[in-house]
Colleague: 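Handing you this structure, nothing more for now.
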Amino acid sequence: MNNYSRISFNFGPTLLSWIEQKAPKTYDALREADTSSRSDIPGHGSAVAQAYNHMIMPLANCRDKNYSGQMGHTRF
C-alpha cells in the first residue's frame, strides 16, 4: 500500500530531484500515488505544488512571487 495516495504531500524541488536520481523506484511510487489518488479526489491528486524556494509568499514582491510560482509549476 502506498500511503502517499491517501494523504496530501509535497516535496521541495531539490529533494525531489535527488529522489528522482538516487531512488527512482521511490520517485515512481510518488508519481503513482498522485495518479491513483485522482480517483478519490475530484479534480486533482494528493500531491500539492510548492513554491520553488522557501520564501514567505505573502511577503514577497510581485516579481518574486511570479518567478517562484512559475518555477514551482515547471517542476510540478
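The residues of the chain are indexed from 1 along the displayed sequence. Computed from heavy atoms alone, side chains included, the values below leave out hydrogens, waters and symmetry copies. Here the structure is a predicted model, which is why all the values come from computation and not from measurement.
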Colleague: Apart from Ile41 itself, what residues make up its hydrophobic cluster, given side-chain heavy atom links below 4.5 Å?
Modeller: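 Joined to Ile41, directly or through intermediates: none.
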
Colleague: Holding to side chain to side chain contact (heavy atoms under 4.5 Å, CB included), I want the full list of residues that pass it with Ser36, two or more places apart in sequence or in another chain.
Modeller: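 Applying side chain to side chain contact (heavy atoms under 4.5 Å, CB included) to Ser36 gives Ser5, Glu32.
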
Colleague: Please list, chain by chain and in numerical order, all residues satisfying side chain to side chain contact (heavy atoms under 4.5 Å, CB included) with Asn61, sequence neighbours excluded.
Modeller: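 Side chain to side chain contact (heavy atoms under 4.5 Å, CB included) list for Asn61, sorted by chain: Arg63, Asp64.
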
Colleague: With salt bridge (charged side-chain N to carboxylate O under 4.0 Å, His left out) as the rule and sequence neighbours excluded, what pairs involving residues 37-50 come up?
Modeller: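 Qualifying pairs: Asp34-Arg38.
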
Colleague: For Lys65 versus Met57, what's the shortest heavy-atom pair and its separation?
Modeller: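 Heavy atoms only, the tightest pair is CE-O, 2.8 Å.
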
Colleague: Look only at the side chain of Ser46 and the backbone of Tyr4, and say whether a donor-acceptor pair between them is shorter than 3.5 Å.
Modeller: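 The answer is yes, because a donor-acceptor pair under 3.5 Å joins these two groups.
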
Colleague: Rounded to the nearest 0.5 Å, what separation is found between the OH atom of Tyr27 and the NZ atom of Lys22?
Modeller: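 Output value for this atom pair is 15.5 Å.
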
Colleague: Might you work through the side-chain contact (heavy atoms from CB on, under 4.5 Å) test for Val48 and Phe9, ending with a clear yes or no?
Modeller: CA-CA 6 Å; Val48 178; Phe9 68 93; over 6 Å; no

Colleague: Excluding sequence neighbours, so at least two apart, what forms side-chain hydrogen bond (donor to acceptor under 3.5 Å, both in side chains) with Asn10?
Modeller: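 In terms of side-chain hydrogen bond (donor to acceptor under 3.5 Å, both in side chains), with neighbours along the sequence ignored, Asn10 is linked to Gln50.
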
Colleague: Which value, rounded to the nearest 0.5 Å, describes the distance between Glu20 atom CD and Leu15 atom CG?
Modeller: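 Spacing of CD (Glu20) from CG (Leu15) equals 11.5 Å.
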
Colleague: With the side chain counted from C-beta on, respond yes when Asn2 and Leu30 share a heavy-atom pair under 4.5 Å apart, and no when they do not.
Modeller: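 Asn2 does not reach Leu30 side chain to side chain.
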
Colleague: Going by side chain to side chain contact (heavy atoms under 4.5 Å, CB included), name the residues that satisfy it together with Ile56, two or more places apart in sequence or in a different chain.
Modeller: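 Here the qualifying residues are Pro58, Leu59.
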
Colleague: With rounding to the nearest 0.5 angstrom, report the OG1 to CD1 distance, Thr14 to Ile19.
Modeller: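 Between Thr14 OG1 and Ile19 CD1, I get 11.0 Å after rounding to 0.5 Å.
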
Colleague: Walk me through whether Arg6 and Ser37 qualify under side-chain contact (heavy atoms from CB on, under 4.5 Å).
Modeller: CA-CA 7 Å; Arg6 300 178 186 277; Ser37 67; over 6 Å; no

